[in-house]
There are 2 protein chains.
Amino acid sequence: MTTAAHRRSRMGIRDVAAAAGVSITTVSDALNGKGRLPDATRRHVREVADRLGYRPSAAARTLRTGKSGLIGLTVTTYGDEPFTFTEFAYFAEMARAATSAALARGYALVILPATSRHDVWSNVALDGTVVIDPSDHDPVVTELVRQGLPVVSDGRPAGTLPVTAWVDNDHEAAVLDLLDHLAAAGARRIGLLTGTTTDTYTRLSTQAYLHWCNRVGQDPVYEAYPAHDPCAGAVAADRLLARPDRPDAVYGLFDPNGTDLLAAARRYGLRVPDDLLLVCCSESTVYATTEPPITTLSLKPRRIGTAVVQLLIDAIEGIGHDHPDGITMPTQLITRASSRGRRHCDA
Amino acid sequence: MTTAAHRRSRMGIRDVAAAAGVSITTVSDALNGKGRLPDATRRHVREVADRLGYRPSAAARTLRTGKSGLIGLTVTTYGDEPFTFTEFAYFAEMARAATSAALARGYALVILPATSRHDVWSNVALDGTVVIDPSDHDPVVTELVRQGLPVVSDGRPAGTLPVTAWVDNDHEAAVLDLLDHLAAAGARRIGLLTGTTTDTYTRLSTQAYLHWCNRVGQDPVYEAYPAHDPCAGAVAADRLLARPDRPDAVYGLFDPNGTDLLAAARRYGLRVPDDLLLVCCSESTVYATTEPPITTLSLKPRRIGTAVVQLLIDAIEGIGHDHPDGITMPTQLITRASSRGRRHCDA
DNA sequence: ATGAAAGCGCTAACAG
DNA sequence: CTGTTAGCGCTTTCAT
């Protein structure tokens with residue numbers, strides 16, 4: 001009666017125990033590498049389990065141990081679709097690094113759009129969650145924290161959002177640095193292509209631009225558009241170059257801005273970099289082969305993804321940290337022809 | 001003693017039952033919408049559960065019901081990282097659509113690189129799996145099928161891989177159509193930029209090209225390179241245009257080929273489309289704003305992602321199908337300036 | 001219309 | 001060194 005697995009659905013731990021002539025505890029210990037049994041027993045049990053094609057039930061283990069090995073990856077949504085269009089390359093890189101990092105520590109990632117119906121959220125047993133760019137009073141984060149789950153955000157949490165930790169770039173420093181770079185290349189009036197959204201990235205970057213303008217005594221010249229709409233970006237780029245106070249250098253905050261600005265420049269007969277210096281924030285490699293190649297600011301999403309996951313898993317496993325709660329990662333300016341000053345002439 | 005939840009970790013179903021003055025069965029039924037209790041009871045229980053902030057345990061439910069609501073999304077890997085570089089845009093779009101579709105039916109996606117350590121695979125309770133471009137005798141697929149899980153692949157399975165169903169484009173038709181398009185635009189000798197890998201997409205596309213050449217009596221002109229290496233693509237593009245039998249039109253099978261070919265054309269002083277017609281297979285929008293804009297073949301990854309998930313969930317839920325086991329989705333040729341013939345002159 | 005009780009398959013105390 | 005036992009928190013018969 002103990003091994004009633006007559007013709008039951010799947011091979012269970014009891015079947016293995018029976019076949020190996022040991023107790024289920026021994027099977028469990030042998031398979032989980034608990035150090036209390038002699039190698040002979042362990043090998044034997046493992047072999048039997050293998051032969052039987054036994055796979056432990058993840059559900060049962062999760063229920064018993066309270067750990068699922070699952071990490072949520074919450075992505076912002078605009079409209080119905082998960083992920084925003086303009087963040088493709090960034091998101092893909094970040095998610096890829098996060099997936100690797102999680103995997104290396106035995107966890108897997110579950111993609112969960114922030115707007116998910118609530119029942120989907122509670123239908124999956126999560127050990128913790130990575131949140132990308134949470135909004136000010138993000139209900140998802142609040143709920144997760146209430147459940148006692150660790151939450152680490154990619155991007156400083158706005159307001160008083162109670163995340164466990166966060167990872168972000170030093171956006172102010174990056175923008176200031178980049179503007180200095182453009183000025184050094186001969187820019188006299190630098191324009192900005194920015195977003196109408198209020199996320200931290202857009203806000204901090206724009207603020208940094210305004211500070212810089214203020215510091216060097218330049219009038220700000222910028223156009224803002226809804227960043228999730230790719231068409232709006234092309235229009236805004238055009239608008240920026242059509243202004244009477246047309247800038248002689250432009251920084252675009254979003255990935256597609258480079259090609260949009262290049263196209264707009266062509267329409268107005270502006271040569272890059274001779275008449276117009278160009279930089280945009282992007283992770284895309286297309287800018288290495290445009291004509292001319294365009295200087296980009298990389299946010300290094302791989303590092304961010306890795307760091308976020310490490311922080312989260314550390315929190316899950318109760319590993320303490322010296323960092324207070326947020327860490328800042330460097331950005332990288334990849335200088336190409338579009339921002340080389342008039343006196344430079346190398347490719 | 002029945003409601004021993006003195007100061008226990010989380011609100012359980014028993015706590016709700018106690019607080020509502022009913023049995024746990026009633027709570028379960030009320031929350032899951034079983035139709036056997038009067039509305040009054042149901043409302044009352046729901047309200048109490050809400051007030052207590054009760055969240056059912058996904059792990060327990062999964063153990064009991066055998067369904068986790070989790071679908072694996074297996075991505076091919078080159079090297080250590082999940083996803084291949086050249087497939088970014090395709091993968092991102094496809095994954096996004098798959099995520100939406102799954103969500104709409106109450107499922108979530110788990111990202112699982114095909115090379116995962118085995119223990120990660122068996123640590124997560126999956127109801128089924130989507131596999132992207134499985135290789136010939138993919139061990140992961142074999143194992144999953146052995147476990148009795150439904151597996152649907154994006155891309156025809158090579159060999160005799162026993163997937164439950166598959167979704168794919170009609171690559172042969174797409175390539176033939178595209179080559180006809182180029183010929184109609186005035187191409188006399190069409191070249192191909194292809195891959196050295198043996199996946200179905202590359203194989204079928206290349207075959208179709210060879211067939212077409214054979215049919216129209218053109219000598220094949222192609223260069224193959226390892227598609228996962230972005231640098232190799234640029235080199236191969238250059239090689240193709242450097243040949244003595246230089247083609248006057250080129251089709252590139254991989255996403256970055258368009259910019260690479262454009263750059264190579266510039267190096268050789270070839271004007272596009274006047275001296276060289278260009279088409280590449282890509283989901284990227286950058287080709288709408290390059291100079292000139294480049295014609296692309298879209299594989300419509302959204303549709304594929306959606307279809308794959310629908311098929312999988314249907315299989316999970318035991319919904320029968322008329323389709324035998326594979327379905328073919330159309331592609332779309334997005335015609336732009338790079339492939340407009342000499343006699344056309346609109347933008 | 002509701003409740004009691006039996007597990008789902010595993011891990012972790014606790015005995016031997 | 002190994003086995004017995006008690007649950008993890010639900011859903012689901014079956015009984016009332």
Side-chain angles (χ1 to χ4, degrees), chain A residues 1-5 8-45 48-49 52-69 119 122-125 127 147, chain B residues 1-6 8-45 49 52-69 119 122-125 127 147:
Chain A
M1 212 56 74
T2 54
T3 60
R8 202 124 81 289
S9 49
R10 245 180 50 194
M11 212 43 68
I13 195 173
R14 277 192 270 274
D15 305 284
V16 179
V22 297
S23 76
I24 61 171
T25 307
T26 302
V27 175
S28 177
D29 287 352
L31 264 35
N32 296 336
K34 288 278 196 306
R36 74 184 205 174
L37 6 124
D39 266 13
T41 315
R42 158 158 308 140
R43 261 202 311 280
H44 174 233
V45 170
V48 171
L52 264 43
Y54 167 69
R55 296 282 171 269
S57 146
R61 171 179 293 152
T62 300
L63 179 57
R64 182 63 237 237
T65 62
K67 325 244 88 243
S68 65
D119 55 312
S122 47
N123 249 338
V124 29
D127 288 347
Q147 282 180 38
Chain B
M1 211 58 74
T2 56
T3 60
H6 191 49
R8 201 121 87 286
S9 47
R10 247 179 50 193
M11 210 44 70
I13 195 173
R14 279 193 269 276
D15 305 284
V16 179
V22 296
S23 76
I24 62 171
T25 308
T26 302
V27 175
S28 177
D29 288 353
L31 263 35
N32 296 337
K34 288 278 195 306
R36 75 181 206 177
L37 8 119
D39 267 15
T41 315
R42 158 158 307 137
R43 261 202 311 280
H44 174 231
V45 170
L52 264 44
Y54 167 68
R55 297 279 172 270
S57 147
R61 170 179 292 150
T62 300
L63 179 57
R64 185 62 237 244
T65 62
K67 322 247 88 235
S68 66
D119 56 310
S122 48
N123 248 337
V124 29
D127 288 346
Q147 282 180 39

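A note on names: the letters A, B, ... follow the listed sequences, proteins ahead of strands, and every chain is numbered from 1.
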Any non-hydrogen side-chain atom of A:R42 less than 4.5 Å from a side-chain atom of A:D39? yes

Calculate the interatomic distance between [X] atom [atom1] and [N] atom [atom2]; express it in whole Å.
| X | N | atom1 | atom2 | answer |
| --- | --- | --- | --- | --- |
| B:R43 | C:dA1 | CZ | P | 15 Å |
| B:R14 | C:dG3 | CZ | C1' | 14 Å |
| A:D39 | D:dT2 | CG | P | 11 Å |
| A:I13 | D:dA6 | CD1 | P | 18 Å |
| B:R10 | D:dC8 | CZ | C1' | 12 Å |
| B:L31 | D:dC10 | CG | P | 10 Å |
| A:D15 | C:dG9 | CG | P | 9 Å |
| A:N32 | C:dA12 | CG | C1' | 11 Å |

Any residue meeting salt bridge (charged side-chain N to carboxylate O under 4.0 Å, His left out) with A:D29, in chain and number order, not counting sequence neighbours: A:R36

Sequence neighbours left out, what passes side chain to side chain contact (heavy atoms under 4.5 Å, CB included) with [X]? Give chain and number order.
| X | result |
| --- | --- |
| A:N123 | B:R61 |
| A:S68 | A:T62, A:L70, A:A125, A:D127 |
| B:I24 | B:I13, B:R14, B:A17 |

Search all heavy atoms of [X] against all heavy atoms of [Y] and return the closest pair with its distance.
| X | Y | value |
| --- | --- | --- |
| B:S122 | A:A58 | O-CB, 3.7 Å |
| A:L52 | A:D15 | CD2-O, 4.0 Å |
| A:V48 | A:V16 | CG1-O, 4.1 Å |

Pairs under 3.5 angstrom, nitrogen or oxygen only, protein versus nucleotides 13-16 of chain D, please.
none

A:S23 side chain near D:dG3 phosphate (N/O to OP1/OP2, under 4.0 Å): yes

According to a strict under-4.0 Å criterion, is A:S28 in side-chain N/O contact with OP1 or OP2 of C:dC10? no

Considering only residues two or more places apart or on different chains, which pairs with a residue in residues 16-25 of chain A satisfy salt bridge (charged side-chain N to carboxylate O under 4.0 Å, His left out)? none

Could you list by number each residue of residues 58-65 of chain A showing a heavy-atom separation from DNA chain D of less than 4.0 Å, or answer none if no residue does? A:L63, A:R64

Run the side-chain hydrogen bond (donor to acceptor under 3.5 Å, both in side chains) test against B:R55 and tell me which residues pass, sequence neighbours left out. A:H118, A:E143

For B:T26, all residues meeting side-chain hydrogen bond (donor to acceptor under 3.5 Å, both in side chains), sequence neighbours excluded: B:S23

Using a heavy-atom cut-off of under 4.0 Å over every strand shown, decide if B:K34 touches base, sugar-phosphate, or nothing. sugar-phosphate

At 10 degrees resolution, what angle do the end axes of the helix from C:dA1-D:dT16 to C:dG16-D:dC1 form when each is taken over five base pairs? 40°

Which nucleotide in the set D:dC10, D:dG3, D:dT5 lies at the smallest distance from any side-chain heavy atom of A:T26? D:dG3

